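Down below is the structure, laid out as structure tokens.
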Amino acid sequence: MVDRYWVGFFLVFSCLAGTLDASAGDSDPIYRTCVGQCEKSGCVGHRCFSHCNFSSDGVSIDGPWYKQEPLYLQWKQWDCQSDCRYYCMLDREKEREALGHGPVKYHGKWPFKRVYGIQEPVSVAFSALNLAMHFHGWLSFFILLYYKLPLKQDKKAYYEYASLWHIYGFLSLNSWFWSAVFHSRDVDLTEKLDYSSAVAFLGYSLIMSILRSFNVRDEAARVMVAAPLLAFLTTHILFINFYKLDYGWNMQVCVVMAVAQLLLWAIWAGVTGHPSRWKLWVVVIGGGLAMLLEIYDFPPYEGYVDAHALWHATTIPLTYIWWSFIRDDAEFRTSNLLKKDK
């Protein structure tokens with residue numbers, strides 16, 4: 001049950017991703033001059049952008065309606081300013097490389113190279129693979145419960161946490177989906193959806209860690225545990241969406257929830273006699289080592305693969321082991337309950 005608090009730690013660093021806005025790159029006078037000239041002329045060197053004749057909402061400034069910006073560009077929100085910043089960044093990085101200087105961040109982000117309009121293609125790919133791995137894990141869990149393990153007379157599973165893990169599966173899929181979208185195009189809407197889904201998933205993962213590690217099976221007790229946490233999560237998500245997206249506060253919330261569930265799972269793995277507890281330790285240790293990639297942040301290799309993208313890659317096998325543990329737990333608990341019934 002530990003994979004997700006480490007893949008939950010994804011949420012922590014999802015929260016950390018926006019802590020920096022002003023960076024060395026966008027403070028560079030040469031870069032700022034380039035962007036300013038581009039926004040006036042619509043060109044960076046020999047590259048000119050036709051949509052610089054359009055406002056940020058895609059409406060033509062000096063042309064008829066049928067010359068409005070293509071729908072796929074409107075959806076991606078590649079407006080004049082975005083393209084000016086992007087190509088000025090690329091040119092400035094080439095100049096810096098020629099002078100022997102390393103890459104710097106622009107507007108809080110490393111200088112990534114687009115692929116078909118996607119900002120961080122490798123992170124998008126790994127987020128999609130994590131999404132697929134969670135879907136596979138949840139589907140195999142569903143098949144195990146309802147087609148392989150014995151069922152009660154009312155066709156419900158014996159496993160007491162079945163419905164809770166189904167909710168968990170949905171939230172994990174939602175979180176990784178918006179992670180892929182956010183890495184595809186970082187705008188205000190995708191940022192808030194990514195952060196909100198991450199916080200919701202991490203918070204629910206904390207609830208699951210409490211319920212399972214303390215073996216809370218009574219419905220009333222579950223409500224007492226979950227209610228205050230759900231109330232806090234709801235308030236926090238509303239706060240960052242409709243009042244202020246405070247990156248520092250959001251980070252603190254994510255860190256506290258992630259560390260809390262990490263400790264719970266680690267302690268439970270140490271004291272329980274669960275036959276698959278070794279899988280918990282694999283995920284804890286593997287996740288801890290993977291987090292070094294987030295601590296040791298480095299610029300993207302060839303403009304595509306950075307530390308964060310590699311960290312997304314490491315969560316893929318951890319996700320497989322995590323869902324494997326959940327299936328083992330379902331078999332273990334079902335076996336124990338059947339023995340008691342006899």
Side-chain angles (χ1 to χ4, degrees), residues 1-12 133-134 136-138 140-146 148-152 156-169 171-172 201-230 255-291 314-315 317-342:
M1 307 172 168
V2 180
D3 156 7
R4 206 49 235 187
Y5 61 52
W6 273 116
V7 177
F9 251 70
F10 148 70
L11 311 183
V12 172
M133 190 61 69
H134 272 282
H136 172 270
W138 169 80
S140 61
F141 173 67
F142 181 88
I143 293 173
L144 173 70
L145 279 181
Y146 299 105
K148 294 182 179 180
L149 293 178
L151 296 173
K152 298 178 181 179
K156 291 183 179 180
Y158 279 94
Y159 186 46
E160 314 99 312
Y161 303 93
S163 59
L164 297 176
W165 285 122
H166 289 321
I167 298 172
Y168 173 90
L171 290 175
S172 67
F201 181 45
L202 185 54
Y204 187 80
S205 299
L206 174 59
I207 292 172
M208 283 301 303
S209 68
I210 297 172
L211 297 181
R212 185 61 190 94
S213 60
F214 287 98
N215 199 26
V216 181
R217 288 174 286 178
D218 181 71
E219 290 297 327
R222 288 180 175 181
V223 171
M224 290 178 65
V225 170
L229 287 171
L230 290 174
V255 168
V256 169
M257 291 193 296
V259 170
Q261 59 189 285
L262 170 63
L263 291 175
L264 283 171
W265 288 126
I267 293 171
W268 188 72
V271 301
T272 185
H274 200 289
S276 295
R277 61 186 178 276
W278 66 270
K279 294 182 180 180
L280 297 182
W281 287 116
V282 169
V283 176
V284 170
I285 296 172
L289 294 175
M291 291 313 301
T314 64
T315 60
L318 294 179
T319 298
Y320 179 84
I321 298 172
W322 174 242
W323 278 104
S324 174
F325 174 81
I326 295 173
R327 292 193 299 271
D328 290 349
D329 189 52
E331 292 186 76
F332 177 66
R333 290 296 305 160
T334 300
S335 176
N336 286 345
L337 291 170
L338 289 174
K339 289 178 182 178
K340 290 181 180 179
D341 286 347
K342 293 179 181 180

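Computed from a predicted model, the values in this text were never measured in an experiment.
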Completion exercise
Those residues at least two apart in sequence (or on a different chain) that pass side-chain hydrogen bond (donor to acceptor under 3.5 Å, both in side chains) with Arg327 are Ser140
Practice task
Name the orientation class of the two ring planes belonging to Trp268 and Trp265 (parallel below 30°, tilted from 30 to 60°, perpendicular beyond 60°).
Solution key: perpendicular
Exercise for the section: Identify, with sequence neighbours excluded, every residue that meets salt bridge (charged side-chain N to carboxylate O under 4.0 Å, His left out) alongside Arg333. Expected result: Glu160
Exercise for the section: Tell me, please, which residues at least two apart from Phe214 pass ring-ring contact (aromatic ring centres under 6.0 Å, His included). Expected result: none
Exercise for the section: Could you tell me which residues satisfy salt bridge (charged side-chain N to carboxylate O under 4.0 Å, His left out) with Arg277, sequence neighbours excluded, listed by chain and number? Expected result: none
Handout entry: Taking every non-hydrogen atom, the tightest pair across Ser209 and Leu206
Key = OG-O, 2.6 Å
Fill in the blank from the handout: Tested for side chain to side chain contact (heavy atoms under 4.5 Å, CB included) against Ile207, the lone hit among Ile167, Leu164, Val216, Leu230 is Leu230
Handout entry: Considering all heavy atoms, the nearest His166-Phe141 contact
Key = CE1-CE2, 3.8 Å
Handout entry: Set of ring-ring contact (aromatic ring centres under 6.0 Å, His included) partners for Tyr158, sequence neighbours left out
Key = none
Handout entry: Nearest non-hydrogen partners of Tyr159 and Ile326, listed with the distance
Key = OH-O, 4.4 Å
Completion exercise
Minimal heavy-atom distance between Thr334 and Pro150, with the atoms involved, is CG2-CD, 4.3 Å
Problem - Val282 versus Leu318, closest heavy-atom pair with distance - result: O-CD2, 4.2 Å
Practice task
Name all residues meeting the side-chain hydrogen bond (donor to acceptor under 3.5 Å, both in side chains) criterion together with Asp328; count only those two or more places apart in sequence or in a different chain, and write none if there are none.
Solution key: Ser276, Lys279
